Amino acid sequence: MGPKAILGMLAAAGLMTAALPAEAQQTQSRLYEVTKSKKLRVCQFPLYYSISFRNPKSGKIEGIDADLAEELAKELDAKLEIVESSFGSFIADLQANKCEIGMFGVGATLKRAQAVEFSHPYLLTNIYAVTRKDSKVKKWEDVDQKGIKAAVSLGSYIEPFMKSYLKNAEVVSVAPPNTREAELVAQRVDIIITDFPTAIKVTDEFDWAVTIMPNEKLAITPYAYVVPQGDQIWLNYINLFVDTIKLDGRLLKYAKKHKLDPIVAQ
């Protein structure tokens with residue numbers, strides 16, 4: 001499908017602001033660039049269990065967003081190119097035009113929305129904790145104690161929340177290529193604070209791991225795809241893609257594949 005055909009589809013769906021004056025209408029878009037170049041650059045964090053995690057044996061990135069990035073590339077009739085990024089760098093990567101979209105379970109927060117645009121949400125999660133079965137942390141009340149080290153991913157939405165939430169425990173921000181899981185294995189931290197995808201994956205893969213849930217849902221956050229500001233046509237297309245995969249079952253299909261169906265956004 002060519003750019004003109006796609007533009008026509010968006011207009012028919014009522015997604016174009018045709019009432020704007022001609023000089024105010026957008027004339028350039030990443031949508032046109034992608035369909036013309038036949039190349040889609042997707043920023044992904046390759047250390048995110050169940051979302052976009054590089055299999056150490058195959059070298060291939062696996063997870064729900066690895067699968068859905070392939071689906072998006074197919075819809076655009078484009079070759080998929082993965083650009084490695086992280087929670088600490090994806091905003092700069094998008095602004096520097098290193099990729100057209102970020103697809104790796106990015107939490108849609110108001111602070112981030114000051115710098116980038118978010119699509120409609122496709123997952124909805126909250127905070128969990130994972131520790132070792134032999135840990136002194138046995139329940140959520142044990143987390144915020146002096147001497148406890150809680151690992152979070154640098155740049156994640158969980159990092160600022162836990163720094164505000166914890167009053168006694170020490171928050172340890174872990175930057176790539178290091179991981180929270182490796183820090184826990186090495187017993188340099190007592191617990192990792194994470195989301196549903198990582199909690200499920202770690203406890204499935206490691207027999208020493210156990211999940212601890214808060215007494216109430218904390219930091220409930222929608223996960224969405226992220227694009228640069230100022231390109232309404234591209235954002236409209238991505239929103240239509242998210243709505244389409246919800247309706248045709250692809251979102252639920254890949255969510256079930258990676259055990260994420262309990263957190264699919266409606």
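Note that this is a predicted model, so its numbers are computed, not measured.
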(message) Any donor-acceptor pair under 3.5 Å linking the side-chain atoms of D93 with those of S85?
(response)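 Result is yes, a qualifying pair exists.
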
(request) Give a yes-or-no answer on whether the side chains of N55 and E62 include a donor-acceptor pair shorter than 3.5 Å. (result)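 Note: N55 and E62 side chains meet the donor-acceptor criterion.
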
Is the shortest heavy-atom distance from the side chain of [X] to the side chain of [Y] under 4.5 Å?
| X | Y | value |
| --- | --- | --- |
| V83 | V42 | no |
| Y122 | D65 | yes |
| S153 | I158 | no |
| E33 | R30 | yes |
| K167 | D144 | yes |
| F90 | F45 | no |
| M103 | V226 | no |
| L251 | L68 | yes |

(request) Run the salt-bridge test on D77 and K38 with the 4.0 Å N-O cut-off and return the result as yes or no. (result)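 Salt bridge between D77 and K38, a charged N being under 4.0 Å from a carboxylate O: yes.
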
Group every Ile, Leu, Val, Met, Phe, Trp and Tyr by side-chain heavy-atom contacts under 4.5 Å, then state whether [X] and [Y] land in the same group.
| X | Y | result |
| --- | --- | --- |
| L124 | V264 | no |
| I193 | I263 | yes |
| F53 | I82 | no |
| I191 | V130 | no |

What pair of heavy atoms forms the shortest contact from [X] to [Y], and how long is it?
| X | Y | value |
| --- | --- | --- |
| P176 | L47 | CB-CD1, 4.2 Å |
| G105 | I51 | N-CG2, 3.6 Å |
| A150 | L166 | CB-CD1, 4.1 Å |
| K39 | A78 | N-CB, 3.7 Å |

Would you give me the side-chain donor-acceptor pairs under 3.5 Å for residues 108-118, sequence neighbours excluded?
unit_1 : atom_1 : unit_2 : atom_2 : d
T109   : OG1    : R112   : N      : 3.2
R112   : NH1    : G107   : O      : 2.9
R112   : NH2    : G155   : O      : 2.7

(request) Taking side chain to side chain contact (heavy atoms under 4.5 Å, CB included) as the test, write out the residues that go with D67, two or more places apart. (result)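 D67 satisfies side chain to side chain contact (heavy atoms under 4.5 Å, CB included) with Y254, K257, H258 only.
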
(request) Could you list the residues that satisfy side chain to side chain contact (heavy atoms under 4.5 Å, CB included) with L154, not counting sequence neighbours? (result) E159, S173, A175

(message) salt bridge (Lys or Arg N to Asp or Glu O under 4.0 Å), that's the test. Do D190 and K149 meet it? Break it down for me.
(response) CA-CA 5 Å; D190 301 288; K149 292 185 177 182; over 6 Å; no

(message) Test: side chain to side chain donor-acceptor pair (under 3.5 Å). Region: residues 41-50. Which pairs qualify, not counting sequence neighbours?
(response)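 Residue pairs with at least one partner in residues 41-50: R41-N97, R41-E100, Y48-D195, Y48-Y223.
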
(message) So, using ring-ring contact (aromatic ring centres under 6.0 Å, His included) as the criterion, who are the partners of Y165 when residues are at least two apart?
(response) F161

(request) Apply ring-ring contact (aromatic ring centres under 6.0 Å, His included) to F196 and list each qualifying residue two or more places apart in sequence or on a separate chain. (result)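 If we apply the ring-ring contact (aromatic ring centres under 6.0 Å, His included) test to F196, skipping adjacent residues, the hits are Y128.
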
Distance (rounded to the nearest 0.5 Å) between [X] [atom1] and [Y] [atom2]:
| X | Y | atom1 | atom2 | result |
| --- | --- | --- | --- | --- |
| Y237 | D231 | OH | CG | 13.5 Å |
| L72 | I101 | CG | CD1 | 5.5 Å |
| I233 | I238 | CD1 | CD1 | 12.5 Å |
| T194 | M162 | OG1 | CE | 11.0 Å |

Going by the rule side chain to side chain donor-acceptor pair (under 3.5 Å), which residues pair with [X] if we only count those two or more places apart in sequence or in a different chain?
| X | answer |
| --- | --- |
| K246 | none |
| S135 | T131 |
| D261 | none |

(request) Please check if atom NZ in K256 has more than 12 non-hydrogen atoms from other residues, nucleotides or ligands closer than 6.0 Å. (result) no

(request) Return each pair, listed once, that meets disulfide bond (SG atoms under 2.5 Å apart) where at least one residue sits in residues 46-164; pairs must be two or more places apart or across chains. (result)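 Counting only pairs at least two positions apart or across chains, the disulfide bond (SG atoms under 2.5 Å apart) contacts touching residues 46-164 are C43-C99.
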
(message) Tell me which pairs pass salt bridge (charged side-chain N to carboxylate O under 4.0 Å, His left out) where either residue lies in residues 119-134, with sequence neighbours left out.
(response) R132-D134

Short question: side chain of [X], backbone of [Y] - any donor-acceptor pair under 3.5 Å?
| X | Y | answer |
| --- | --- | --- |
| R54 | K60 | no |
| S164 | P160 | no |
| D142 | K138 | yes |

Atom pairs and distances, donor-acceptor, side-chain atoms in residues 204-219, under 3.5 Å, two or more places apart:
unit_1 : atom_1 : unit_2 : atom_2 : d
D204   : OD2    : K259   : NZ     : 2.8
E205   : OE2    : K201   : NZ     : 3.4
N215   : ND2    : E141   : OE2    : 2.6

(message) Could you check whether F87 and Y157 have their ring centres less than 6.0 Å apart?
(response) no

